[in-house]
*Asks:* 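Below is a structure I'd like to ask you about.
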Amino acid sequence: MMSKQSIPILLIDAGTGNLHSVFHTLRTISDQIVISDKPEDVFKADRIILPGVGAFSGFMQGLLNRNLVDAIDNFVKKGNPLLGICVGMQAFFDFSEENGKHAGLGILPGTVKLFQNMPDLKIPHTGWNQLWFHEEVLLLQNINPGNYVYFNHSYYCVPENPDDIAATTDYGIDFCSIVQRENVYGVQFHPEKSQKVGIQVLSNFVNSGRKS
Amino acid sequence: MLAKRIIPCLDIKDGRVVKGINFVNIRDAGDPVDQARVYNDEGADELVFLDISATAFGHETVVHVVREVANQIHIPLTVGGGIRSVEDMRKILLAGADKISINSAAVLNPEIIKQGAAMFGSQCIVLAVDARRIQTQESKDSKWEVFINGGRKPTGIDVLDWIKQAVDLGAGEILLTSMDRDGTLSGYDLELNQAVSELVNVPLIASGGAGSMQHFADVLSIGADAALAASLFHDGQMKIRELKLYLANQNLPIRMV
């Protein structure tokens, strides 16, 4: 089924930050991980993980500069599994309001907004918070509602279609902490920094069945 | 609900864990990777590494320590000490740190906060402040002064003014150490922590003075989002797991592992 040149798990380097932690956490699950910033590797990948840190616009610019935008778009349209982490998840949406209005990949309809200033609600949302969900989608297998994961962000995703929300987290509002539509998965938290629960999420993605 | 964080701090000198009392009398306390693993297993929510090496070579060793710890342990790491430039930040972040804490360098050149936040995001930039209480006769209001260079050098700068400015420049979190309380085991400076918590809208890590479980409960109840301690945890005087159970029983939001 796999061609000789296929890459089982591709970790995309948009050039903006540290892939080290994600890579080493993934290594506890699989030894078939390749880090690359080349569009030709996207075509060879069976599944892709897109970690993102830093500012939204810088991250998108990093993808554009490397000609990765169309490559990722094609990858998703073929039904291949894609997991975005933090800003990598935010990049799935139409646009972000971080420092002006910046276009995203437009893979999922929706926007990325700043947490509202509210009393007793500090920004950024930093620390361990809980996942709440009704349905155990693929990423949530062997995870219980109320489990804690590590967040560190000021902006959050607002999917246009409520059905795309797989889990929420309470921070003044119930925001979307896991998104899923078909083969597209995104987590706002850092699974690579979330101990056992985070490793389970990554493992659920890495070990999921082939694309349908 | 967002959990209150318990953060052990590892003071690192030339790649080894040390701990000073009142910023002096340093003694060796072991291998940072081993110690980080112990804390991780006990349920620490985050680790802070404070590099107190005096030499460039000593600072270089921290990059190696951070990489080793990040390879093996899957919790957030904040690293500070000896960071002078955005390039220094990048090195530490690429080694696997999640957040950078800056102290003296930010006081000497506040623009570094802005540059770091623009490059890596505010969520990455922690402002560390060493605060000492000033005795004032004319005013009843408490005042604190910013100290730099590991608490050795007074700056004449007011702590609250400085923190306000730093947050406006893009600092995404405050690590606030009371020099008066550090090493005394007499409790966090609640007045200082409350003043900062009410002043700015970014997360606050309280540091300096923890001696009992009640001290943690006290400071986490008046606005601190996280509480940090070093020697208390090193010496095994307090187990993180027992502390977190205690705090959870006090109805504080705590992540139990």
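The sequence lines fix the lettering, A, B, ..., with proteins before strands; numbering per chain opens at 1.
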*Asks:* So do A/Arg27 and B/Asn71 actually touch side chain to side chain, heavy atoms under 4.5 Å?
*Replies:*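 Answer no - side chains too far apart.
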*Asks:* Please report the shortest heavy-atom distance between B/Gly172 and A/Pro124, naming the atom on each side.
*Replies:* O-CD, 3.2 Å
*Asks:* Please flag which part of B/Ala226 lies under 4.5 Å from any non-hydrogen atom of chain A: side chain, backbone, both or neither.
*Replies:* neither
*Asks:* Can you establish whether the number of heavy atoms outside B/Met256 located under 6.0 Å from its atom CE is more than 12?
*Replies:* yes
*Asks:* Under 4.5 Å heavy-atom distance to chain B, tell me which part of A/Thr28 shows up: side chain, backbone, both or neither.
*Replies:* side chain
*Asks:* When heavy-atom pairs shorter than 4.5 Å are enumerated against chain A, which of B/Ala70, B/Ala118, B/Pro76 gives the highest number?
*Replies:* B/Pro76
*Asks:* Count the heavy atoms belonging to other residues, nucleotides or ligands that lie under 6.0 Å from CD of A/Glu40, then report whether that count exceeds 12.
*Replies:* yes
*Asks:* Side chain from CB out, backbone as N, CA, C, O: work out which of these in B/Glu173 comes under 4.5 Å of a heavy atom of chain A, or both, or neither.
*Replies:*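 Just its side chain gets close to chain A.
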*Asks:* Could you measure the distance from the CG atom of A/Asn152 to the CD atom of B/Gln123? Nearest 0.5 Å is fine.
*Replies:* 5.0 Å
*Asks:* Report which part of B/Arg5 has an atom under 4.5 Å of a heavy atom belonging to chain A: side chain, backbone, both, or neither.
*Replies:* side chain
*Asks:* Using every non-hydrogen atom in the two residues, find where B/Met1 and A/Tyr148 come nearest and quote the distance to one decimal.
*Replies:* O-CE2, 3.6 Å
*Asks:* If you count heavy-atom pairs under 4.5 Å with chain A, which of B/Gly121, B/Ala117, B/Ser197, B/Pro203 comes out on top?
*Replies:* B/Pro203
*Asks:* Against chain A, label B/Ile75 side chain, backbone, both or neither, depending on which of its atoms sit under 4.5 Å from a heavy atom there.
*Replies:* both
*Asks:* Does B/Lys91 NZ have over 12 foreign heavy atoms under 6.0 Å away?
*Replies:* no
*Asks:* Need one label for B/Ala95: side chain, backbone, both or neither, based on atoms under 4.5 Å from any heavy atom in chain A.
*Replies:* backbone
*Asks:* For B/Ile7, is it the side chain, the backbone, both, or neither that has a heavy atom closer than 4.5 Å to a heavy atom of chain A?
*Replies:*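 Interface part for B/Ile7: neither.
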*Asks:* Which residues in residues 185-197 of chain A have a heavy atom less than 4.5 Å from any heavy atom of chain B?
*Replies:* A/Glu192, A/Lys193, A/Ser194, A/Gln195
*Asks:* Is it the side chain or the backbone of B/Lys99 that comes within 4.5 Å of chain A heavy atoms, both, or neither?
*Replies:* side chain
*Asks:* Which atoms form the tightest heavy-atom contact between B/Gly96 and A/Ser21, and what is the distance?
*Replies:*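 The pair with the smallest heavy-atom distance is O-OG, 3.5 Å.
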*Asks:* Examine whether an atom of A/Leu121 lies under 4.5 Å from a heavy atom of chain B, and if so say whether it belongs to the side chain, the backbone or both; otherwise answer neither.
*Replies:*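 Contact with chain B is through the backbone of A/Leu121 alone.
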*Asks:* What residue in A/Asp170, A/Asn147, A/Thr25 has the most heavy-atom pairs under 4.5 Å with chain B?
*Replies:*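 The option with the most such pairs is A/Thr25.
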*Asks:* Could you look at B/Arg67 and say if it's the side chain, the backbone, both or neither that has a heavy atom under 4.5 Å from chain A?
*Replies:*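 Its backbone and side chain both get close to chain A.
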*Asks:* Nearest heavy-atom pair of A/Ile123 and B/Val202: which atoms, and what distance?
*Replies:*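 Where A/Ile123 meets B/Val202 most closely, the heavy atoms are O-CG1, 3.4 Å.
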*Asks:* May I ask you to list the residues in residues 126-140 of chain A that approach chain B closer than 4.5 angstrom, counting heavy atoms only, ordered by number?
*Replies:*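 Contacts with chain B: A/Thr126, A/Gly127, A/Trp128, A/Asn129, A/Gln130.
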